[in-house]
A.B. asks: 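Let me give you the structure first, and then I'll get to my questions.
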Amino acid sequence: MADKLIIFDTTLRDGEQSPGASMNRDEKLRIARQLERLRVDVIEAGFAASSNGDFEAVECIANAIKESTICSLSRANDKDISRAAQALRGANSSRIHTFIATSALHMEKKLRMSPEEVLAQARLAVRFARNLVADVEFSPEDGYRSDPDFLCRVLQAVIEEGATTINVPDTVGYAVPELYGNFIKSLRERIPNSDKAVWSVHCHNDLGMAVANSLAGVKIGGARQVECTINGLGERAGNCSLEEVVMAVKTRRDYFGLELGIDTRHILAASRMVSQTTGFVVQSNKAVVGANAFAHASGIHQDGVLKARDTYEIMRAEDVGWSANKIVLGKLSGRNAFKQRLQELGVQLDSEADINAAFSKFKELADLKSEIFDEDILALVSDGSVTHDQDQYTFVSLSQHSETGERALATIVFTVDGQEVTSSSDGDGPVDASLKSIEAHVASGAEMILYSVNAISGSTESQGEVTVRLQNSGRVVNGVGADPDIIVASAKAYLSALNKLHSKSDRVAAQG
Ligand code: KIV
Ligand code: ZN
């Protein structure tokens with residue numbers, strides 16, 4: 001029987017560290033449920049000690065998810081590790097992932113610790129964690145740029161203390177495939193007790209090689225766990241992309257010879273959910289999940305695919321969740337059909353009240369738009385359309401006037417802590433006037449650093465999905481809004497970003 005490759009998803013921890021990608025507890029839980037449906041082996045749900053919000057998210061996911069192992073990151077100290085263990089109490093299967101930097105640069109400049117102090121702290125941290133849970137992962141941060149002799153000493157010591165997984169991060173995305181693969185191989189060969197742990201790869205994408213490096217770590221180095229994120233979400237250029245690494249191992253089973261537990265049919269829904277929740281749009285030519293990934297534009301290719309699909313396709317679109325029949329519901333569809341489609345799309349709304357709220361939004365949308373696509377439904381439950389109790393601002397209505405050669409005018413009605421307010425402004429165009437009318441009342445002082453519009457299902461009848469990225473006092477947040485009217489979508493996106501900006505955050509950085 002072939003070895004199994006463990007898929008460790010860190011969308012909710014390392015992915016969330018991407019500026020603007022922060023998610024609230026409910027959003028994280030929804031994504032965790034989709035990851036469970038994907039049959040991801042390990043879900044890194046957060047960094048419990050980094051903030052109260054992260055603690056609650058890890059705790060809530062640990063209580064709700066039963067099929068995947070739930071993991072929390074923690075620095076190599078007793079306080080962080082205890083907090084992680086506390087958040088994980090309700091899990092069926094839990095893991096603590098503790099880390100400390102081991103490169104000369106990080107130890108000297110960031111930690112201001114000597115190598116011997118780092119080694120001692122790593123040892124104590126793993127010993128402490130092993131007293132709390134049976135499954136402990138250790139990561140030497142900036143491992144790939146660490147002195148190999150020192151790294152061997154640290155990794156041997158933490159395996160002696162009971163670490164069950166050894167993860168070797170290329171924290172800054174500096175590796176190239178052959179060298180990274182050989183680096184893992186040589187660590188495994190040199191460390192006498194290396195066979196007592198599962199070896200794992202964790203690659204960042206700064207040079208666009210995260211997937212290639214991870215696969216080399218598996219093939220050359222013998223790693224049996226890959227750490228990755230949906231859509232490759234993550235700090236800077238992101239992490240290794242789950243969908244790419246999984247489909248590479250599945251499609252080239254002849255070469256890798258490894259088993260996977262992943263149900264790949266849920267990949268596309270996961271990709272869309274993460275994109276719509278975070279506001280990070282997936283590029284059209286992205287492998288596996290991009291809009292063009294299975295589209296054949298040239299006549300020669302179309303002709304070939306019609307005659308025999310494998311002339312130009314190496315994977316089946318439906319194996320990753322692209323369905324042939326995209327029109328799903330319309331004006332006459334009932335609540336049950338809507339609820340069932342939500343389930344098929346992997347969306348679980350927690351209460352009947354949430355389903356009713358989403359269904360009434362669906363009916364409003366069906367009045368405006370004759371055909372409702374999967375993308376519309378996902379947008380409906382991901383954007384500000386279905387409001388959360390904790391939201392400070394909610395959209396009510398908007399009117400605007402624009403004419404060639406005239407300044408646009410907009411009047412918006414929205415609620416602030418449940419009270420309706422009306423506010424007006426002019427602007428360079430209708431979108432500008434609408435957002436300025438919100439600011440005229442809220443006066444957030446936030447700077448807009450990104451505004452983008454995307455047609456959800458690719459035609460002018462489609463809903464517009466707007467992403468707004470705001471920055472204020474060092475915090476960056478994304479808001480997403482969808483509506484057939486892109487001015488309304490813009491206003492919803494702006495209010496959703498303000499809701500995130502004004503939510504409390506006392507997070508500490510994972511790599512700080
Ligand atoms: O990239 C990195 O080094 C990390 C560690 C915290 C595992 O994300
Ligand atoms: Zn990382």
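Each ligand, and each atom within it, is numbered from 1 in the order the structure gives. Quantities reported herein were computed from a predicted structural model and do not represent experimental measurements.
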A.B. asks: What atoms of ligand 1 come within less than 4.0 Å of a heavy atom belonging to His204?
C.D. replies: 1 (O)

A.B. asks: How long is the gap from CG on Leu38 to CG on Asp41, to the nearest 0.5 Å?
C.D. replies: 10.5 Å

A.B. asks: For residues 197-208, which residue pairs pass the salt bridge (Lys or Arg N to Asp or Glu O under 4.0 Å) check, not counting sequence neighbours?
C.D. replies: Asp206-Arg236

A.B. asks: Given Arg13, His202, Arg75, Glu227, which one has a non-hydrogen atom that is nearest to atom 6 (C) of ligand 1?
C.D. replies: Arg13

A.B. asks: Let me know which of Glu160, Glu117, Glu116 forms a salt bridge (charged side-chain N to carboxylate O under 4.0 Å, His left out) with Arg123.
C.D. replies: Glu160

A.B. asks: What angle, to the nearest 10°, do the atoms NE2 (His204) and OD2 (Asp14) form about the Zn ion (ligand 2)?
C.D. replies: 110°

A.B. asks: In terms of atom number and element, which parts of ligand 1 are under 4.0 angstrom from non-hydrogen atoms of Asp14?
C.D. replies: 8 (O)

A.B. asks: Let me know which of Gln225, Glu227, Glu141 forms a side chain to side chain donor-acceptor pair (under 3.5 Å) with Asn167.
C.D. replies: Glu227

A.B. asks: Mark the output for His97 as yes if a heavy-atom distance to ligand 1 is under 4.0 Å, and as no if none is.
C.D. replies: yes

A.B. asks: Do you see a donor-acceptor pair shorter than 3.5 Å between the side chains of Asn292 and Ser284?
C.D. replies: no

A.B. asks: Quick one: does Thr171 get an N or O within less than 3.5 Å of an N or O on ligand 1?
C.D. replies: yes

A.B. asks: Does NZ or CZ of Arg75 fall inside the cone over Phe99's six-membered ring, less than 6.0 Å from its centre and within 45° of the axis?
C.D. replies: no

A.B. asks: Return each pair, listed once, that meets ring-ring contact (aromatic ring centres under 6.0 Å, His included) where at least one residue sits in residues 160-182; pairs must be two or more places apart or across chains.
C.D. replies: Tyr144-Tyr180

A.B. asks: Under 4.0 Å from a heavy atom of Ser139: which atoms of ligand 1 are those, numbered in the order shown and with their elements?
C.D. replies: 7 (C)

A.B. asks: I need the atoms of ligand 1 closer than 4.0 Å to a non-hydrogen atom of Pro169, numbered in the order shown.
C.D. replies: 2 (C), 3 (O)

A.B. asks: Less than 3.5 Å between some nitrogen or oxygen of Glu141 and one of ligand 1, yes or no?
C.D. replies: no

